[in-house]
Chemist: 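If you scroll down you'll find the structure; I have some questions about it.
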Amino acid sequence: MAGLKVGVQTAARQKDLVKKSLAKLGKKAQYSQMQATNDLVLALKTNKIDAIALSGGVGQAYANSVSGLKYVYADYPKGVQDE
């Protein structure tokens with residue numbers, strides 16, 4: 001997700017996981033925080049953000065029900081993944 005504007009839900013742990021993962025690679029990401037997942041999906045569909053960091057089950061459910069979305073599993077680096 002390096003170089004992408006990533007949407008995260010406010011107070012969700014995914015922001016910290018993505019931030020720590022990219023920091024281990026010496027990279028940074030831009031974030032857009034929103035209260036609701038539906039708002040994140042709308043921002044993605046209207047090209048205001050490039051990706052959304054969600055928990056696996058939620059991400060898969062949205063990808064299966066919203067046309068044009070694709071779910072990609074994030075493999076976090078050792079140490080970050082244990083969180």
Side-chain angles (χ1 to χ4, degrees):
M1 292 188 184
L4 300 179
K5 188 168 186 181
V6 181
V8 293
Q9 197 167 8
T10 304
R13 70 183 187 121
Q14 281 79 14
K15 178 183 175 188
D16 290 334
L17 291 172
V18 171
K19 185 177 178 180
K20 288 177 183 179
S21 294
L22 291 173
K24 283 189 174 265
L25 299 172
K27 312 251 184 211
K28 292 184 180 180
Q30 298 177 36
Y31 296 96
S32 180
Q33 296 183 60
M34 299 179 191
Q35 291 289 331
T37 304
N38 285 337
D39 294 338
L40 290 167
V41 171
L42 180 61
L44 181 63
K45 295 283 284 178
T46 57
N47 299 313
K48 292 182 179 157
I49 58 176
D50 301 305
I52 305 172
L54 297 170
S55 64
V58 174
Q60 285 179 326
Y62 272 96
N64 290 338
S65 63
V66 178
S67 175
L69 295 187
K70 181 178 179 183
Y71 172 80
V72 178
Y73 176 78
D75 190 16
Y76 296 106
K78 189 171 181 77
V80 174
Q81 151 183 335
D82 299 334
E83 294 180 22

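Hydrogens, waters and symmetry mates are skipped; everything else that's a heavy atom, side chains included, is used.
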Chemist: Could you tell me the separation between the CD atom of Gln33 and the OG1 atom of Thr10, rounded to the nearest 0.5 Å?
Modeler: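 One gets 5.0 Å once the value is rounded to the nearest 0.5 Å.
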Chemist: Not counting sequence neighbours, which residues clear side chain to side chain donor-acceptor pair (under 3.5 Å) with Asp50? List them please.
Modeler: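 For Asp50 there are no side chain to side chain donor-acceptor pair (under 3.5 Å) partners, ignoring immediate neighbours.
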Chemist: Which residues pass the side chain to side chain contact (heavy atoms under 4.5 Å, CB included) test with Ile49, not counting sequence neighbours?
Modeler: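 Applying side chain to side chain contact (heavy atoms under 4.5 Å, CB included) to Ile49 gives Lys5, Ser32, Leu40, Ala43, Leu44, Ile52.
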Chemist: Which residue pairs pass the side chain to side chain donor-acceptor pair (under 3.5 Å) test when at least one of the two sits in residues 53-71, sequence neighbours left out?
Modeler: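 Output for this query lists Asn38-Tyr62.
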Chemist: Consider only side-chain heavy atoms of I, L, V, M, F, W and Y, link residues closer than 4.5 Å, and tell whether Leu42 and Leu4 are in one cluster.
Modeler: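 Looking at the clustering, Leu4 is in a separate group from Leu42.
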Chemist: Could you check whether atom NZ of Lys45 has more than 12 heavy atoms from other residues, nucleotides or ligands sitting under 6.0 Å from it?
Modeler: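 Buried by this count: over 12 neighbours within 6.0 Å.
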Chemist: The criterion is side chain to side chain contact (heavy atoms under 4.5 Å, CB included); which residues satisfy it with Ala12, sequence neighbours excluded?
Modeler: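 Testing Ala12 for side chain to side chain contact (heavy atoms under 4.5 Å, CB included), a comparison that skips the adjacent residues, returns Gln9, Gln14.
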Chemist: Return the minimal non-hydrogen interatomic distance between Val8 and Ala53, and the atom names on each side.
Modeler: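 Nearest heavy atoms, Val8 then Ala53: CG1-CB, 4.0 Å.
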